[in-house]
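Below: the structure, in structure tokens.
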Amino acid sequence: DTEVTQTPKHLVMGMTNKKSLKCEQHMGHRAMYWYKQKAKKPPELMFVYSYEKLSINESVPSRFSPECPNSSLLNLHLHALQPEDSALYLCASSRGVDTYGYTFGSGTRLTVV
Amino acid sequence: SQQGEEDPQALSIQEGENATMNCSYKTSINNLQWYRQNSGRGLVHLILIRSNEREKHSGRLRVTLDTSKKSSSLLITASRAADTASYFCATRMDSSYKLIFGSGTRLLVRP
């Protein structure tokens with residue numbers, strides 16, 4: 001298995017809703033990432049988990065809450081989002097730091113109404 | 001935060017021609033990577049070049065790295081319509097897990 005699987009592919013939520021994005025990989029990668037990408041912009045790093053521990057939080061608002069239940073799963077819990085949070089949310093994983101690239105999922109396209 | 005700028009922002013070429021994209025970055029790096037993204041979906045890793053390497057090849061791709069100028073280039077030879085996509089460079093600083101993407105180049109290959 002050489003994929004990162006993200007669910008759902010599309011999500012529409014209201015500003016008072018609570019929802020979660022899910023990400024799964026079975027490649028034995030020990031680092032996992034959340035990126036946010038707005039239209040025609042590059043991906044922006046949100047969170048990094050290394051060995052199931054949060055190692056980087058890029059000053060992301062608390063309405064985004066990451067969770068890494070085990071080495072294969074990564075969740076992003078969403079609560080009280082704003083319309084400007086509408087974006088493509090990408091999950092990625094990597095084996096190491098120096099030699100390997102990232103494997104990205106196909107993303108969740110989130111619309112906040 | 002965005003580490004680098006890519007040039008050009010958009011490129012339109014005829015099938016069979018070569019495409020060259022350039023990336024400049026600001027701080028010292030551990031490695032530099034190139035990714036392709038089709039239609040706003042997931043990114044695909046193309047090639048990684050370490051800071052002590054100057055050139056790397058993979059199929060029709062050739063990447064160069066000039067650390068003194070803090071710049072890299074991606075050359076796609078004999079382009080195909082299927083190469084139409086956005087291309088991003090991304091840099092990793094030191095041994096951090098932080099990978100920061102450049103602004104991207106949108107490539108259109110006309111049949």
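Note that this is a predicted model, so its numbers are computed, not measured. Proteins get letters first, then strands, A, B, ... in listed order; numbering begins at 1 in each.
- A/Gln37 touches chain B through its side chain: at least one heavy atom from C-beta onward sits under 4.5 Å away, while N, CA, C and O do not.
- At a 4.5 Å heavy-atom cutoff, the contact between B/Leu99 and chain A is made by backbone and side-chain atoms alike.
- In this structure, the portion of B/Gln37 lying under 4.5 Å from any heavy atom of chain A is its side chain and not its backbone.
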Dump the intermediate steps for side-chain contact (heavy atoms from CB on, under 4.5 Å) on B/Leu43 and B/Phe88, then the final yes or no.
CA-CA 9 Å; B/Leu43 288 87; B/Phe88 294 95; 4.0 Å; yes
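- A salt bridge does not link B/Asp66 to B/Arg54: none of the charged nitrogens lies less than 4.0 Å from a carboxylate oxygen.
- When the ring pair (Phe, Tyr, Trp, His ring centres under 6.0 Å) test is applied to A/Phe64, the partners found at least two apart in sequence or on another chain are A/Tyr89.
- A/Arg109 meets the salt bridge (Lys or Arg N to Asp or Glu O under 4.0 Å) test with no other residue; sequence neighbours excluded.
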